[in-house]
Amino acid sequence: MLSSLFSLDNKTALVTGGNTGIGFGIARGLAEAGARVAISGRDRKKNAEALAALGAVREGCVARVFDLADTAGIEAFYEKVSREMSGLDILVNNAGITVRGKTEELTLGDWEGVMRVNLTAPFVLSQCYARERIGNKTGGSIVLIGSLMCEATRPTVAAYTASKGGIRQLVKQLATDWAPHGIRVNGVGPGYIRTDMTAPLVENEEFNGWVLKRTPLGRWGVPEDLAPAAVFLASEAAAFITGQMLYVDGGWLATF
Ligand code: NAP
């Protein structure tokens with residue numbers, strides 16, 4: 001049955017930044033497809049609220065507090081969550097931050113902070129996942145969350161754009177290196193999506209108008225728009241797909 005290819009029954013997943021926004025939308029989608037999901041974030045309260053909502057969909061989900069800026073601690077964090085979930089079949093590197101402002105005034109600290117959370121942490125976490133899956137000879141699926149900024153940019157987001165350009169190439173590199181081990185690596189690239197990250201943009205009348213006009217489907221996306229793409233790429237339905245970006249952007253990249 002074609003529909004069974006999309007099922008994630010008996011699978012486990014880790015979604016970083018799964019306590020709100022796009023990450024939560026994806027975590028809920030994975031749970032609805034049958035997976036037990038671990039989510040992570042820095043904020044205990046957001047974790048608890050998200051876990052309560054996930055628990056209504058699928059039993060056996062967990063939420064863990066971890067700051068991905070602590071890159072030296074990622075290996076121990078990964079091992080703990082993997083042990084708790086009896087192994088992780090799917091890894092979704094979703095957590096991300098941005099700093100907006102004049103590029104000539106961006107501090108080194110801001111630059112390094114964005115690169116650390118958006119690019120270094122997904123790399124290190126993917127290494128942990130791959131080492132485990134290669135050791136177990138189990139194959140697997142990694143999804144990295146990119147952005148329109150994997151392909152294009154706009155003023156004031158230099159560090160973010162550099163980090164997401166890196167994600168685009170990282171998807172290709174990890175897919176190439178780990179294909180022999182049966183680990184597929186793909187990216188999902190959201191367009192403009194209503195979340196905490198974009199709240200200042202939604203509230204900005206001029207920017208909001210630009211997004212509505214610039215996006216062919218004529219609306220902001222919502223986190224639920226991203227879940228089907230992530231479920232698809234994580235599932236057996238995408239068994240011959242690796243190294244790709246799937247843009248969920250209302251047509252933004254198709255036009256100028
Ligand atoms: P969001 O609503 O701000 O959520 C960000 C998530 O990441 C939260 O769960 C947050 O949890 C977690 N997080 C942030 N910094 C972290 C850190 N240092 N350690 C651990 N967790 C951290 O953002 P979003 O809009 O859903 O964005 C999610 C992803 O989609 C990001 O990679 C973003 O770049 C990408 N994206 C978003 C859009 C959009 O329009 N919204 C467009 C393109 C791409 P805590 O606060 O609890 O740590």
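Counting starts at 1 for both ligands and their atoms, following the listed order. Because only heavy atoms are used, hydrogens play no part in the values below, and waters and symmetry mates are left out as well, while side chains stay in. On a predicted model such as this, the values are computed, not experimentally measured, just so you know.
- The closest side-chain donor-acceptor pair between Thr12 and Asp89 falls under 3.5 angstrom.
- Connection of Met115 to Val124 is established within a shared hydrophobic cluster, with ILVMFWY side chains joined at heavy-atom distances below 4.5 Å, either directly or through further cluster members.
- In terms of N/O distances under 3.5 Å, ligand 1 is approached by Thr195.
- With a 4.5 Å cut-off on side-chain heavy atoms, Leu246 and Asn186 do not count as touching.
- The aromatic rings of Phe207 and Trp220 sit tilted, their planes meeting at an angle between 30° and 60°.
- Of all non-hydrogen atoms in Ile167 and Gly146, the two that sit nearest each other are CG2-CA, 4.1 Å.
- Protein heavy atom in closest approach to atom 37 (C) of ligand 1: Ile22 CD1, 3.4 Å.
- Atoms of ligand 1 lying under 4.0 Å from at least one heavy atom of Phe66, given by number and element, are 19 (N), 20 (C).
- Gly96 O, 3.9 Å is the protein heavy atom nearest to atom 5 (C) of ligand 1.
- With a 4.0 Å cut-off on non-hydrogen atoms, Arg194 does not touch ligand 1 at all.
- When heavy-atom distances to ligand 1 are checked against a 4.0 Å cut-off, Asp67 comes that close through both its backbone and its side chain.
- Looking at ligand 1, you'll find an N or O of Leu68 within less than 3.5 Å of one of its N or O atoms.
- Atom 32 (O) of ligand 1 has as its closest protein heavy atom Asn94 O, 2.7 Å.
- Numbered from 1 in the order shown, with element, the atoms of ligand 1 that lie under 4.0 Å from a heavy atom of Thr198 read 39 (C), 40 (O), 41 (N).
- Salt bridge present: Glu49 and Lys45 bring a charged side-chain N and a carboxylate O closer than 4.0 Å.
- Shortest contact from atom 36 (N) of ligand 1 to any protein heavy atom: Tyr160 OH, 3.4 Å.
- The protein atom (non-hydrogen) at minimum distance from atom 43 (C) of ligand 1 is Pro190 O, 3.4 Å.
- Within ligand 1, counting atoms from 1 as listed, the ones closer than 4.0 Å to a heavy atom of Val117 are 18 (N).
- Using a 4.0 Å cut-off between heavy atoms, Asp196 contacts ligand 1 through both its backbone and its side chain.
- Looking at heavy atoms from C-beta onward, Ile39 lies out of side-chain contact with Cys61 at the 4.5 angstrom threshold.
- For Gly191, the closest heavy-atom approach to ligand 1 falls below 4.0 Å.
- Inter-residue side-chain proximity for Arg214 and Thr255 is flagged as met; some heavy-atom pair is nearer than 4.5 Å.
- Using a 4.5 Å heavy-atom threshold, the side chains of Ser235 and Leu5 count as separate.
- Between the side chains of Asn136 and Glu132, no donor-acceptor pair of N or O atoms lies under 3.5 Å.
- By the 4.5 Å heavy-atom criterion applied to side chains, Leu148 and Tyr192 are counted as neighbours.
- Residue Tyr192 has no nitrogen or oxygen atom sitting less than 3.5 Å from a nitrogen or oxygen atom of ligand 1, judged on distance alone.
- Below 3.5 Å of separation, one finds no N or O of Gly21 facing any N or O of ligand 1.
- With hydrogens left out, the protein atom closest to atom 23 (O) of ligand 1 is Met197 CB, 3.6 Å, a heavy atom.
- Of the candidates Met149, Lys46, Lys45, it is Lys46 that places a heavy atom closest to atom 46 (O) of ligand 1.
- Between Leu125 and Leu68, the closest side-chain pair of non-hydrogen atoms falls below 4.5 Å.
- For Gly146, the heavy-atom gap to ligand 1 drops under 4.0 angstrom.
- Two residues are said to be in side-chain contact when any heavy atoms from C-beta on lie closer than 4.5 Å; Met149 and Arg154 meet this criterion.
- Between Val143 and Ile145, some side-chain heavy-atom pair lies under the 4.5 Å cut-off.
- Scanning the protein for heavy atoms near atom 48 (O) of ligand 1, the closest one is Arg42 NE, 2.6 Å.
- Checked against a 3.5 angstrom limit, the closest N/O atoms of Asn47 and ligand 1 fall outside it.
- The N/O atoms of Ser147, backbone and side chain alike, include none that comes under 3.5 Å of an N/O atom in ligand 1.
- The part of Ile97 lying near ligand 1 is the side chain, judged by heavy-atom distances below 4.0 Å.
- At the shortest separation from atom 40 (O) of ligand 1 among protein heavy atoms lies Ile193 N, 2.8 Å.
- Proximity of a side-chain donor or acceptor of Thr198 to a complementary backbone N or O of Leu201 within less than 3.5 Å is not detected.
- Across the listed options Gly113, Ala95, Gly221, Ala95 owns the non-hydrogen atom lying nearest to atom 13 (N) of ligand 1.
- The proximity of Leu148 to ligand 1, defined as any non-hydrogen pair under 4.0 Å, does not occur for either the backbone or the side chain.
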